[in-house]
S.K.: 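What follows is a structure written as C-alpha cells; I'll ask about it next.
Just so it is clear, the model here is predicted, and its values are computed rather than measured. Heavy-atom basis, side chains included; hydrogens, waters and symmetry copies ignored. The chains referred to below are lettered A, B, ... by the order of the sequence lines, with proteins before strands, and numbering in each begins at 1.
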Amino acid sequence: MAESPITPRGKDFAAWYQDVVLQGDMAEPAEIVKGCMVIKANGYAVWELLQKELDTRFKELGHSNVYFPLLIPQSFLKKEAEHVEGFAPELAVVTIAGGKELEEPYVIRPTSETIIGHFFSKWIQSWRDLPILVNQWANVVRWELRTRMFLRTTEFLWQEGHTAHSNHDEALEEVLRILDVYADVAENVMAMPVIKGVKSRAEKFAGALRSYSIESMMQNGLALQAGTSHDLGQNFGRAFDVKFQNKEGQLDYVWQTSWGVSTRLIGGLIMSHSDDKGLVLPPRLAPVKAVIVPIYRKDEEKGPVLEAAHRIAKEVGAKVDLREGHSPGAKFFHWERRGVPVVLELGPRDIASGNIVLKRRDTGTKEVLAQTDLSARLAAVLDAMQGDLLASAKQRLKDNTVTAESIGEVEEILKNVTAEKGGGKFVMARVKDDPACDARLKEFKATVRNIPLVDEYDGGGKCIVTGEEVDRRVVIAKSY
RNA sequence: CGGGGCGUGGCUCAGCCUGGUAGAGCGCCUGGUUCGGGACCAGGAGGCCGGAGGUUCGAAUCCUCUCGCCCCGACCA
C-alpha cells in the first residue's frame, strides 16, 4: 500500500490541515501573491453551497443584496476613532493610479462600514426610510502577518450585512436574529456546533458598541470564531452624519448593525469533520454526493458495467468516474480525499446479482444492496451522515469543555496547547468583562472567546482575576 | 520588523563542504498487459540550478550583492 500523502492529525495538526486542503483540491497557496490563495473548483463549489444557504435566509428576513466599491477614500476610515485604530495596521493603500500619484489615497476595503455609512447618510432622511437592510457578497483585504488557507488569508471572500434602524431595540433584535441565522447554518448545514455569545469589550469589532459571535471548536480543541454580528450603536451614524427625522419631528442618528461570515467557514468545516484519510464533507455541503466507480476486467465486462453505471447515476444523481488508466483502488482514494460522502462500487459481480456496493465516507462502512433499493437507501445514508457528523462534533465539544475556578487552573489547562500539537479545551470560568482581565489571559495566549448568551453552567460568582462578582462563566480558549 | 530555514525538470528532493558533460523518486506522454482499496513492463518528453556581478581555463558548487518563499514571535474574520 502506498504511503498516505496526508500527515496524521496526531502527528501535526497544522500540517494535517494543509494536507487535507491540498489533497482535497480545495485551494492552494497563491505563492506569487503574499498571503493569498487560489480557491479551486472543489473548494469554491462548497462556498457556493454555503452562499446559497445564507443568501436564502437573509432574503427571507427582508435583506437585499447590493454592492459597494472596493476602494474607499482613506479619510473615511479615519472618521470613526476606534475603527481607524483597529484597522490601520492591516490596510493596503492605493497611492498611484493612472500613472499619477492620487491626491487622496484609497484603501482597499478591509470591511465596508465607512463607505456604507457615507451612502446611508445620503439615503436616509426620515424614519420612513428605515430600516435599511442590505447585504453584499464581496472580497476584502486585510494585511495579516500570519496566514493559513481559508482561516486567515490576506484577501478573503465574505458577506457583510449592513442595516440601519430608528432605535436601539430594533437594531439589537437584528443583531441577534442574524446570530441565530449563523448558528442555524453552522449547526444544520455545516454540522458544526457553535456557542452564541457576546465578545468581551477587549475583543469587540473596532467601532462597535458590542460584538456577538458564534464560536466553534476544532478537532485540536482550538476555538474558531465562525461568525460575528455587531451592534454598532450610533457610532457610525455620528461619524458619517447618518441622521433621520423621527415621528416626533426630531433629528436623531440611526442605529446600525453589521454582520459577516467568510470563507473561513470552510476552514472550520474542514477542521470539524475531516480525518486522516482526507476531507469529509457533510452531505448538505458536498458538491458531489455520490460517485460510482465502475469495475471491469475484460472488454466484454466494460459495456454492461458502464451501461448500468450511467443508468444508476441518472436515477440517483451520482457522478460516474470514467477515467481510463486508473485502477478502481486509485479512484476510491481519489474521491475519499475529496470528501465525497458516498462511493458506489459497481462491477461484474454486481451486474450479475443486481446489487451495488455503497461505502460511507465518515464511518468507512460498506454495504451491499439491491440496485432497486439504492435511491431510497442513499437518501437515508446521506441523512444519517449529516446527523452523525453533527452529533460527534457536539460530543467532542462537550468532552473538551471543562470548568476552572482559578486563573492558575486555566493557565495549567491551556499553557501547552498549540495548533500543531492540539490538546485545546474550552475552559468555562468566571472572568469580568474588563480589558485588564483579557490581558491577563493573553499572558499565556488564551482569550475570552465569548460570554455565552445562555448560561448552561452554575450562574454567577467571583471573577478569577479581580475577585469581583460576575453573573456567569465565559468561554476561554486558544484560538485561530 | 527580530530569530531560524530554503530557492536545482510539474512536485519532493540529492548533488555544493573538496569547481570538471545536471541527477533520483513521484507525476506527465506513447504502446501493451492490468483493473472488487494507491498496477506493471517498455519507450519518451521535460531544467540558462531564483536573479545580478565577481574569482577561475572552467561555477549549481567559491565570494559579494539582490529578490522571493517557508517556519517561529509581536497583529487579526
Side-chain angles (χ1 to χ4, degrees), chain A residues 1-6 12 14-15 18 22-23 28-36 85-91 109-112 138-148 150-160 182 199 202-206 211 213-216 223-230 258-268 277-278 292-299 301-302 305 321 323-337 343-353 355-357 359 364 366 368 418-420 442 445 447 479-480:
Chain A
M1 181 148 143
E3 199 180 330
S4 170
I6 296 168
D12 182 338
Q18 288 261 7
L22 256 20
Q23 295 295 325
E28 68 179 61
E31 286 180 335
I32 48 164
V33 188
K34 188 171 165 57
C36 292
E85 197 190 324
F87 281 105
E90 43 186 298
L91 293 179
R109 66 177 162 227
T111 178
S112 302
N139 56 338
V140 289
V141 166
R142 298 181 184 178
W143 216 257
E144 304 289 353
L145 298 173
R146 180 116 156 74
T147 57
R148 303 178 199 260
F150 289 114
L151 300 173
R152 173 165 296 105
T153 47
T154 299
E155 180 186 7
F156 59 93
L157 306 182
W158 75 347
Q159 59 69 217
E160 46 177 324
Y182 289 162
K199 291 304 251 189
E203 296 280 331
K204 74 179 171 63
F205 175 74
S211 290
S213 75
I214 51 169
E215 301 284 333
S216 56
L224 184 76
Q225 179 173 304
T228 48
S229 186
H230 310 295
S258 69
W259 28 273
V261 294
S262 70
T263 37
R264 164 179 270 194
L265 286 178
I266 297 174
K277 290 182 288 198
I292 299 177
V293 174
I295 297 156
Y296 45 81
R297 259 184 308 258
K298 312 177 192 80
D299 275 350
E301 289 170 347
K302 185 174 172 178
V305 167
D321 187 344
R323 292 174 302 153
E324 298 282 349
H326 292 270
S327 66
K331 291 180 178 181
F332 296 146
F333 280 107
H334 176 81
W335 297 111
E336 189 166 77
R337 282 199 297 265
V343 170
L344 300 164
E345 308 180 17
L346 188 67
R349 293 208 296 268
D350 303 300
I351 299 301
S353 61
N355 289 338
I356 189 161
V357 179
K359 184 170 185 193
K366 265 189 194 184
V368 180
T418 66
E420 294 74 30
K442 219 158 192 186
K445 293 175 183 131
T447 47
S479 68
Y480 276 103

S.K.: Between the base of B/rA77 and the side chain of A/Ser262, is one N or O donor paired with an acceptor at under 3.5 angstrom?
M.R.: yes
S.K.: Under the rule for side-chain contact (heavy atoms from CB on, under 4.5 Å), what residues qualify as partners of A/Arg349, not counting sequence neighbours?
M.R.: none
S.K.: Between the base of B/rG38 and the ring of A/Phe333 - centre-to-centre under 5.5 Å, planes within under 30° - is that a stack?
M.R.: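 Stack criterion met.
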S.K.: Could a donor-acceptor pair under 3.5 angstrom be found where the side chain of A/Lys277 meets the base of B/rG37?
M.R.: no
S.K.: At what distance, to the nearest 0.5 angstrom, does CD of A/Glu155 lie from SG of A/Cys36?
M.R.: 5.5 Å
S.K.: Any strand is fair game: report the nucleotide pairing with B/rG68 by Watson-Crick or G-U wobble, both distances under 3.5 Å, or none.
M.R.: B/rC6
S.K.: Cut-off 3.5 Å, no hydrogens considered: what does the side-chain donor-acceptor table look like for residues 323-332 of chain A, sequence neighbours left out?
M.R.:
residue, atom, partner, partner atom, Å
A/Arg323, NE, A/Asp321, OD1, 3.0
A/Arg323, NE, A/Asp321, OD2, 3.4
A/Arg323, NH2, A/Asp321, OD2, 2.9
A/Glu324, OE2, A/Lys302, NZ, 3.0
A/Ser327, OG, A/Ala330, N, 3.3
A/Lys331, NZ, A/Asp321, O, 3.1
A/Lys331, NZ, A/Arg323, O, 2.8

S.K.: Suppose we screen for salt bridge (Lys or Arg N to Asp or Glu O under 4.0 Å). Which residues come up paired with A/Asp12, at least two apart in sequence or across chains?
M.R.: none
S.K.: Say you draw a straight line from CG of A/Leu265 to CG of A/Leu224; how long is it, rounded to the nearest 0.5 Å?
M.R.: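 A/Leu265 CG to A/Leu224 CG: 8.0 Å, rounded to 0.5 Å.
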S.K.: Can you name the residues that form a salt bridge (Lys or Arg N to Asp or Glu O under 4.0 Å) with A/Glu215, not counting sequence neighbours?
M.R.: A/Lys199, A/Arg449
S.K.: Describe the nucleic acid contact of A/Pro348 in one word from base, sugar-phosphate, nothing, applying a heavy-atom distance below 4.0 Å.
M.R.: base
S.K.: Would you tabulate the pairs of protein nitrogen or oxygen atoms and nucleotide nitrogen or oxygen atoms of nucleotides 26-31 of chain B closer than 3.5 angstrom?
M.R.:
none

S.K.: Taking side chain to side chain donor-acceptor pair (under 3.5 Å) as the definition, give me every residue that meets it alongside A/Lys366, ordered by chain and number, with sequence neighbours left out.
M.R.: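 A/Lys366: side chain to side chain donor-acceptor pair (under 3.5 Å) contacts with A/Glu345.
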S.K.: Protein-nucleotides 69-75 of chain B N/O pairs closer than 3.5 Å?
M.R.:
residue, atom, partner, partner atom, Å
B/rC72, OP1, A/Arg146, NH2, 2.5
B/rC72, OP1, A/Glu420, OE2, 3.3
B/rC72, OP2, A/Arg146, NE, 3.2
B/rC72, OP2, A/Arg146, NH1, 2.7
B/rC72, OP2, A/Arg146, NH2, 2.6

S.K.: Can you tell me how far P in B/rG7 sits from the matching atom in B/rA45, rounded to whole Å?
M.R.: 28 Å
S.K.: State which residues pass side chain to side chain donor-acceptor pair (under 3.5 Å) with A/Arg109; sequence neighbours excluded, sorted by chain then number.
M.R.: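 Scan of A/Arg109 (side chain to side chain donor-acceptor pair (under 3.5 Å), adjacent residues dropped) gives A/Tyr67, A/Asn139.
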S.K.: Give me the distances for all protein-to-nucleotides 42-45 of chain B N/O pairs that come in under 3.5 Å?
M.R.:
none

S.K.: Can you name the residues that form a side chain to side chain donor-acceptor pair (under 3.5 Å) with A/Tyr480, not counting sequence neighbours?
M.R.: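 Expected list: A/Asn220.
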S.K.: What is the pairing partner of B/rC1, taking Watson-Crick or G-U wobble pairs with both distances under 3.5 Å in any strand?
M.R.: B/rG73
S.K.: Under a 3.5 Å limit for both distances, which nucleotide forms a Watson-Crick or G-U wobble pair with B/rA59, could you say?
M.R.: none
S.K.: Could you tell me the Watson-Crick or G-U partner of B/rG23, where both distances fall under 3.5 Å? Say none if there is no partner.
M.R.: B/rC13
S.K.: What residues form a salt bridge (Lys or Arg N to Asp or Glu O under 4.0 Å) with A/Glu336, not counting sequence neighbours?
M.R.: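 Salt bridge (Lys or Arg N to Asp or Glu O under 4.0 Å) check on A/Glu336 returns A/Lys359.
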S.K.: Which listed nucleotide (B/rG37, B/rG38, B/rC35) is nearest to the side chain of A/Lys366?
M.R.: B/rG37
S.K.: Across all strands, who's sitting opposite B/rU30 as a Watson-Crick or G-U wobble pair, both distances under 3.5 Å?
M.R.: B/rA42
S.K.: A/Thr153: what forms a side chain to side chain donor-acceptor pair (under 3.5 Å) with it, not counting sequence neighbours?
M.R.: none
S.K.: Look at the side chain of A/Gln225 and decide which nucleotide, out of B/rG37, B/rA77, B/rA39, has an atom nearest to it.
M.R.: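 So the side chain of A/Gln225 is nearest to B/rA77.
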S.K.: Has the side chain of A/Tyr182 got a donor or acceptor atom that lies under 3.5 Å from a matching backbone atom of A/Gly260?
M.R.: yes
